[in-house]
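Below is one structure; the comments refer to it alone.
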Amino acid sequence: MEAKPTAAAVPRVLVAEDEPDIAALIAYQLTREGFRVETARSGSEALAAVGREIPDLVVLDRMLPGLSGDEVLRQLKTEPATANIPVLVLTAKREQEDRIEGLELGADDYLTKPFSPRELVLRAQAILRRVQEAGMTSGGRILRAGPIRLDLASHQTSLDGEELNLTPTEFRLLQALMERRGRTQSRKQLLEKAWDVDAGASDRIQTRTVDMHVRRLRSKLGKAGHWIQTIRGFGYRLKVPEGID
Ligand code: CA
């Protein structure tokens, strides 16, 4: 049986912006371009939204009530589960220093207000493309995590150099976990990536399906199986211990 390539899931964007008109405009434009958009009106709302589901991109206004955008960015970058989420910062300030500060905090890009919605879409697409390409480079199409080696071209997996027999679903599941190493993914996200379905099944079936395959994958991976961590009430992530590449 041939393994199907991983389905390109609809990218999720979290827009953290307290000005309703700007938030609505950004959401409208991104939705029209095929993104799934969630909005947050304050820094704490943004962090809560990320806690529920890791987005593919955060569009983050610097000036947010309560917790500022900079503080949200700092917290995202400090937490291993969220450190790799790309962030596009919106700033009302024009000073060069602020731009540099934002980039130092770990923003992937910034836009100075006022900006055209079209420009924002282009930047968002460019960031996501870069992230995707980065996940596919490094030695062609081979993913590694310690003793685990995944060859995306030949669909072969090995553990400590020994060939590992994975089902196509297990392969895609492991690929999804390895491509977003260290990042927590919900069962729904994993289902979309590994099963090539739009997660229309009931939550109970989704949970059971993903959990069952994770269990099998863990047992096939032996010791490295423990690296697939259950994040309670959320999903899974591949956490490779420190000191192992
Ligand atoms: Ca604002």
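Order of listing sets the numbers, starting from 1, for every ligand and every atom in it. No experiment lies behind these values; they were computed from the predicted model shown.
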Provide the atom name of the closest N, O or S atom of [X] relative to the Ca ion (ligand 1).
X     : value
Glu19 : OE2
Asp18 : OD1
Asp61 : OD2

Subject >> Any residue meeting salt bridge (charged side-chain N to carboxylate O under 4.0 Å, His left out) with Arg180, in chain and number order, not counting sequence neighbours >> reply: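 Result, salt bridge (charged side-chain N to carboxylate O under 4.0 Å, His left out) vs Arg180: Asp56.
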**OP:** Taking atom types as modelled, find out whether Gln75 and Glu71 have a side-chain donor-acceptor pair closer than 3.5 angstrom.
**Re:**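 The answer is yes; a qualifying pair exists.
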Original post:
Taking NZ, NE, NH1 and NH2 as the nitrogens, is one of them in Arg36 or Glu53 under 4.0 Å from a carboxylate oxygen of the other?
Top reply: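 Here Arg36 does not pair with Glu53 in a salt bridge, since their nearest N and O are not under 4.0 Å apart.
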Subject >> Criterion side-chain hydrogen bond (donor to acceptor under 3.5 Å, both in side chains) against Tyr236, the qualifying member of Asp211, Thr230, Thr184 >> reply: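 Considering Asp211, Thr230, Thr184, a side-chain hydrogen bond (donor to acceptor under 3.5 Å, both in side chains) with Tyr236 is found only for Asp211.
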